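Encoded as structure tokens, the structure appears first; notes follow it.
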Amino acid sequence: MAKEFIVTPWNVSGDVDYKRLINEFGIKEIDGPLLKRIKKITGELHPFLRRNIFFAHRDLNWILDEYEKGNKFFLYTGRAPSGHTHLGHLVPWIFTKWIQEKFNVNLWFQFPDEEKFLFKENLTLKDTEKYTYENMLDVIAVGFDPKKTKFLIDTKNANLMYKEALKVAKKINFSNVKAAFGLNNESNIGIIFYTAMQAVPAFLPSVLAKKNIPCLIPHAVDQDPHFRLSRDVVGKLGYYKPASIQCRFLPALQGSSGKMSASMEKTAIYTVDNEKIVAKKINKYAFSGGRDTIEEHRRLGGIPEKDIAYQWLNFFEEDDKKLVKIYHDYKSGKLLSGELKAILIDKINNMLKKHQKNREKAKKQLDKFIIKG
Ligand code: TRP
């Protein structure tokens with residue numbers, strides 16, 4: 001019997017079977033020919049593409065067709081503030097930055113500061129306001145071009161967004177939303193409306209420019225239900241249906257291929273964590289694919305496929321050669337579990353050191369990203 005798992009924008013649990021997800025969601029695999037096509041334009045492939053971390057899409061070939069005709073797309077992605085940013089959140093942003101650079105395109109980044117307020121019992125609007133600020137610093141720290149990037153904050157930019165959201169909402173009925181998100185009659189009515197707000201940035205730039213511009217949405221695969229619903233609606237409103245490129249989840253430190261949830265407070269690694277905390281979390285919680293004793297480990301070797309430190313290096317160690325060597329050393333028993341964790345700790349701390357520096361500088365750059373009025 002197939003193992004059970006759940007993937008919706010608000011609940012990811014169980015062992016995610018990505019092959020099955022492709023069928024259930026009706027998305028397309030990113031295959032060899034498509035990778036080749038991207039490489040022709042970008043010159044090289046980002047490790048997230050080489051390693052199949054970005055693994056699925058909708059209409060990506062169409063986006064490339066238009067791009068090659070000179071019809072540039074804009075990027076759209078987002079983050080619903082509910083807590084500090086963790087490493088899993090960075091994955092689609094790092095990739096989005098790469099696309100922005102390689103294709104030289106604009107990005108609209110949405111901060112739906114009402115979303116998690118509506119979904120989480122104990123989260124106040126004051127909390128989400130605070131985390132909107134904190135999360136914006138992280139997004140800026142990733143290195144987006146301030147001249148080509150705009151932040152849309154739902155409660156602050158409601159004047160731009162609300163009219164457009166109404167047009168979307170009018171074309172989606174309750175049973176569609178219920179089915180797509182697994183809602184029931186006890187779900188609050190804000191939740192039912194919310195997906196209309198998430199649809200807006202996919203065509204708002206076209207509204208403002210008074211011309212149709214293709215849209216590409218990089219996102220983690222759990223967000224697909226939103227766009228599955230809104231693609232048709234956006235089309236019916238007379239705009240291009242947004243295309244998407246979708247990634248897997250960074251696994252939780254404790255293992256399981258579910259999403260690393262910000263609510264797993266103790267074990268997620270946040271961009272604001274210091275070196276000691278990073279080392280402690282990885283040493284204490286990272287699920288090991290090593291053996292029970294050193295003797296056994298040397299004899300049988302570790303299991304990289306099960307080892308979270310290795311899995312994380314697969315996301316964050318960009319050097320293929322280094323990664324392959326780590327894989328073989330671990331599998332052969334030459335590299336011990338503690339040593340593997342030490343490599344990861346070093347990698348993450350280096351990454352965060354740079355990120356935290358950028359994050360400090362970001363405080364002075366906010367103005368360049370936020371839409372006034
Ligand atoms: N719903 C997303 C979250 O929970 C936030 C978001 C808004 C988003 N618009 C998006 C994510 C577009 C990806 C793409 O964080």
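Whatever order the structure lists ligands and atoms in, that order sets their numbers, starting from 1. This one's a predicted model, so the numbers in the text were calculated from it and none came from an experiment.
- At a 4.0 Å cut-off, not a single heavy atom of His89 sits close enough to ligand 1 to count as contact.
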Output, in order, the C-alpha distance, side-chain angles, deciding distance and verdict of ring pair (Phe, Tyr, Trp, His ring centres under 6.0 Å) for Trp62 and Tyr240. CA-CA 11 Å; Trp62 167 74; Tyr240 292 127; 5.2 Å; yes

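- Under a 4.0 Å criterion applied to the non-hydrogen atoms of Ala80, ligand 1 contributes the atoms 3 (C), 4 (O), 5 (C), 15 (O).
- Seen from the ring of Phe227, Arg58 does not count as a face-on cation partner, given the 6.0 Å and 45° thresholds.
- Taking any N or O of Gln110, backbone or side chain, at least one lies under 3.5 Å from an N or O belonging to ligand 1.
- Ligand 1 places these atoms under 4.0 Å from at least one heavy atom of Glu115: 1 (N), 2 (C), 3 (C), 4 (O), 5 (C).
- Residues His86 and Asp273 have side chains that never bring a donor and an acceptor to within less than 3.5 angstrom of each other.
- Listed by atom number, the atoms of ligand 1 under 4.0 Å from His219 heavy atoms are 13 (C), 14 (C).
- Only the side chain of Phe227 comes within 4.0 Å of ligand 1, judged by heavy-atom distances.
- Listed by number with element, the atoms of ligand 1 under 4.0 Å from a non-hydrogen atom of Arg79 are 5 (C), 6 (C), 15 (O).
- At a threshold of 4.5 Å between non-hydrogen side-chain atoms, the residues His46 and Lys102 do not count as touching.
- Distance SG/Cys247 to CZ/Phe315: 7.0 Å, rounded to 0.5 Å.
- Of all the atoms in ligand 1, the ones that sit under 4.0 Å from a non-hydrogen atom of Gln223 are 1 (N), 2 (C), 3 (C), 4 (O), 11 (C).
- Smallest separation of non-hydrogen atoms from Pro304 and Gln311: O-NE2, 2.9 Å.
- The side chain of Gln198, and not its backbone, has at least one atom closer than 4.0 Å to an atom of ligand 1 (non-hydrogen atoms only; side chain from C-beta on).
- Atom NZ of Lys284 sits in a sparse spot, with 12 or fewer heavy atoms from other residues, nucleotides or ligands closer than 6.0 Å.
- Using modelled atom types and a 3.5 Å distance limit, the side chains of Thr77 and His219 yield no donor-acceptor pair.
- When Ser244, Pro242, Gly78, Pro81 are checked for heavy-atom proximity to atom 11 (C) of ligand 1, Gly78 turns out nearest.
- Listed by number with element, the atoms of ligand 1 under 4.0 angstrom from any heavy atom of Thr77 are 10 (C), 12 (C), 13 (C), 14 (C).
- Across all their heavy atoms, Asn135 and Gly83 have their closest contact at ND2-O, 3.1 Å.
- Atoms of ligand 1 lying under 4.0 Å from any heavy atom of Lys116, numbered from 1 in the order shown and given with element: 4 (O).
- The ligand atoms of ligand 1 that sit less than 4.0 angstrom from a heavy atom of Pro112 are 5 (C), 7 (C).
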